[in-house]
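Input: a single structure, listed below in structure tokens.
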Amino acid sequence: MIYRMMALNIDGSVVNENGKIAKETKEAIEYVQNKGVQVTLVTSRNFASARKVAKALKIDGPIITHGGAYIAAERDRPLYVRKISEALTYEITQFLEGFPGQVQLSHEKQSIVGKANNQSKLTSTLSWDRDSRFLYSKQYVNVVSDHLLENPLAVPKISVLLEHKEDVWDIAASLKGMYEEVDAIPTSEHTLDILPKGVSKLRGLLYLSERLGIRKEQIVMVGAGIDDVDAIRCCGLGVAMGEAPREVKAHADWVTRSQDLKGLPYFITELFRKQHPIPFLKKMNIIRS
């Protein structure tokens, strides 16, 4: 199979737990881009944060952000955008604030972050974006729903970081019964994303690849999180990072090394070193434009 697109989750794949991008990772991504392979990011991060990662990797094309709700190369010129309405954003936020945890609204321009309504040491040590260098404008408020009364906002994604992991599944089930307009997607044992109905990383990736004339069989998807599973399963080659949860690895075609062992650049080099550049393959009529 000739692969024409490589899609990368950010956290756990590109950016390590210290918020750094290894030099070898940057070099490997440049190597595959020089072969004419389209590289994109597929992330639950907001656009502004993800775009800074893309620039660090010299990725100029569209990236898939907010869990698939916002696809763009430039913030003010999105290819695709879906948002939760102002009224529904307020209602869901108010509901989430009834649980011990912390709510964040992710807009493409900034995020609104509520004060954690618990004393848990766990949630105080977790953060929404692990690399402070890649953060974007954040506004911290005491109670997000109170802020929305004065400043209504429609957002691509609502996130909640919960003290008790059992609340993740309880909230997901409750929202499914309460609202037809949204999907609740667990992203870890303690975090949950609420997205417009039908939005996901996989659907965002398929939307972008179709616009680029690339079949899903020609896509390599690299992920490390629970919300990467669908894309890992459905693309031509699904790759899980070495430290990914067991349920992610179970659906992967290839489990690479951990980040500490440079798993991403190792995998990229191994897979693409024998593939000829895409322009050459087109010239030889091996693949169509």
Side-chain angles (χ1 to χ4, degrees), residues 1-16 20-43 45 50-65 68 71-74 79 134 201-202 204-224 228 231-242 244 251-289:
M1 173 59 69
I2 297 168
Y3 297 107
R4 298 180 58 192
M5 172 181 275
M6 184 171 66
L8 306 170
N9 177 41
I10 292 179
D11 295 297
S13 300
V14 174
V15 175
N16 64 24
K20 307 294 184 183
I21 302 175
K23 176 184 176 183
E24 292 87 349
T25 295
K26 293 180 180 180
E27 291 173 345
I29 291 173
E30 183 177 6
Y31 165 76
V32 79
Q33 285 179 314
N34 287 339
K35 288 204 166 195
V37 176
Q38 179 83 29
V39 179
T40 189
L41 301 177
V42 185
T43 180
R45 285 193 183 200
R51 186 63 193 140
K52 289 182 179 179
V53 178
K55 287 184 177 179
L57 298 172
K58 299 180 181 179
I59 297 173
D60 297 323
I63 55 176
I64 300 149
T65 65
I71 304 173
E74 300 176 28
L79 295 177
F134 295 144
K201 287 184 175 181
L202 172 60
L205 181 55
L206 294 179
Y207 177 88
L208 177 59
S209 64
E210 184 176 352
R211 285 182 63 98
L212 297 174
I214 296 173
R215 304 192 311 274
K216 68 178 182 178
E217 300 84 39
Q218 298 172 317
I219 303 172
V220 178
M221 172 67 196
V222 184
D228 295 319
I232 285 173
R233 289 177 58 191
C234 293
C235 289
L237 184 68
V239 182
M241 294 298 295
H251 295 287
D253 303 302
W254 185 326
V255 177
T256 189
R257 301 171 180 175
S258 67
Q259 283 192 315
D260 288 345
L261 296 176
K262 304 297 187 291
L264 184 58
Y266 166 78
F267 154 74
I268 291 173
T269 303
E270 284 296 300
L271 179 65
F272 286 101
R273 61 190 173 90
K274 293 183 179 180
Q275 179 170 302
H276 291 294
I278 297 298
F280 170 80
L281 295 173
K282 288 181 178 179
K283 185 176 180 180
M284 299 299 293
N285 292 320
I286 296 173
I287 61 173
R288 297 179 180 178
S289 300

Nearest atoms (heavy-atom pairs only) where Met221 meets Asn9: CE-N, 4.4 Å

- prompt: Per the side-chain contact (heavy atoms from CB on, under 4.5 Å) rule, which among Val239, Leu237, Thr256 passes with Leu271?
  reply: Leu237

- prompt: Rounded to the nearest 0.5 Å, how far apart are CD1 of Ile2 and CG of Leu281?
  reply: 4.5 Å

query: Are the side chains of Lys262 and Thr269 in touch, meaning some heavy atoms are under 4.5 Å apart?
result: no

query: Out of curiosity, His251 NE2 to Asp228 CG, how far, rounded to the nearest 0.5 Å?
result: 12.0 Å

query: Does Leu264 reach the side chain of Leu8, with side-chain heavy atoms less than 4.5 Å apart?
result: yes

- prompt: How long is the gap from CE on Met1 to CD1 on Ile219, to the nearest 0.5 Å?
  reply: 11.0 Å

message: I want to check something: taking the side chain as every heavy atom from C-beta on, are Lys26 and Glu30 in contact at a cut-off of under 4.5 Å?
response: no

message: Please give me the minimum heavy-atom distance between Tyr266 and Arg257, naming the atom from each residue.
response: CE1-NH2, 3.3 Å

message: Give me the atom names and distance for the closest heavy-atom approach of Cys234 to Leu202.
response: SG-CD2, 3.7 Å

query: Looking only at atom types and distance, does a side-chain atom of Gln38 sit under 3.5 Å from a main-chain N or O of Met6, one as donor and one as acceptor?
result: no

- line: Contacts of Arg233 meeting salt bridge (Lys or Arg N to Asp or Glu O under 4.0 Å) (sequence neighbours excluded), chain-then-number -> none

message: With heavy-atom distances below 4.5 Å as the criterion, would you say the side chains of Val220 and Trp254 are in contact?
response: no

Nearest heavy atoms of Ala28 and Ile268, plus distance in Å: O-CG2, 3.7 Å

- request: State the CG-CD1 distance between Leu57 and Ile63, to the nearest 0.5 angstrom.
  value: 10.0 Å

task: May I ask you to test the Ile64-Lys201 pair for a side-chain heavy-atom distance under 4.5 Å?
output: no

Side chain to side chain, Val15 and Ile21, heavy atoms closer than 4.5 Å: yes

query: Is the NE2 atom of His276 crowded by more than 12 outside heavy atoms at less than 6.0 Å?
result: no

- line: Between Arg51 and Ala73 the two heavy atoms that sit nearest each other are NE-O, 3.2 Å

- prompt: So which heavy atom on Pro279 is nearest to which on Gly36, and how close?
  reply: CD-CA, 4.3 Å

field: Tyr3 backbone acceptor or donor facing Gln275 side chain under 3.5 Å
entry: yes

query: So do the side chains of Arg4 and Val37 get within less than 4.5 Å of each other, counting heavy atoms only?
result: no

task: Please say whether more than 12 non-hydrogen atoms of neighbouring residues, nucleotides or ligands are located less than 6.0 Å from NZ in Lys35.
output: yes

- request: Show the numbers, then the answer: is there a side chain to side chain contact (heavy atoms under 4.5 Å, CB included) between Leu41 and Thr65?
  value: CA-CA 8 Å; Leu41 301 177; Thr65 65; over 6 Å; no

message: Can you confirm whether Glu210 sits close enough to Leu206 that some side-chain heavy atom of one is under 4.5 Å from a side-chain heavy atom of the other?
response: no

field: Atom pair CD/SG of Glu217 and Cys235 - distance to nearest 0.5 Å
entry: 9.5 Å

query: How far apart are the C-alpha atoms of Leu205 and Thr40, what are their side-chain angles, what is the distance that settles it, and do they pass the side chain to side chain contact (heavy atoms under 4.5 Å, CB included) test?
result: CA-CA 9 Å; Leu205 181 55; Thr40 189; 4.2 Å; yes

- line: Output for pair (Thr25 OG1, Glu27 CD), nearest 0.5 Å, gives 9.0 Å

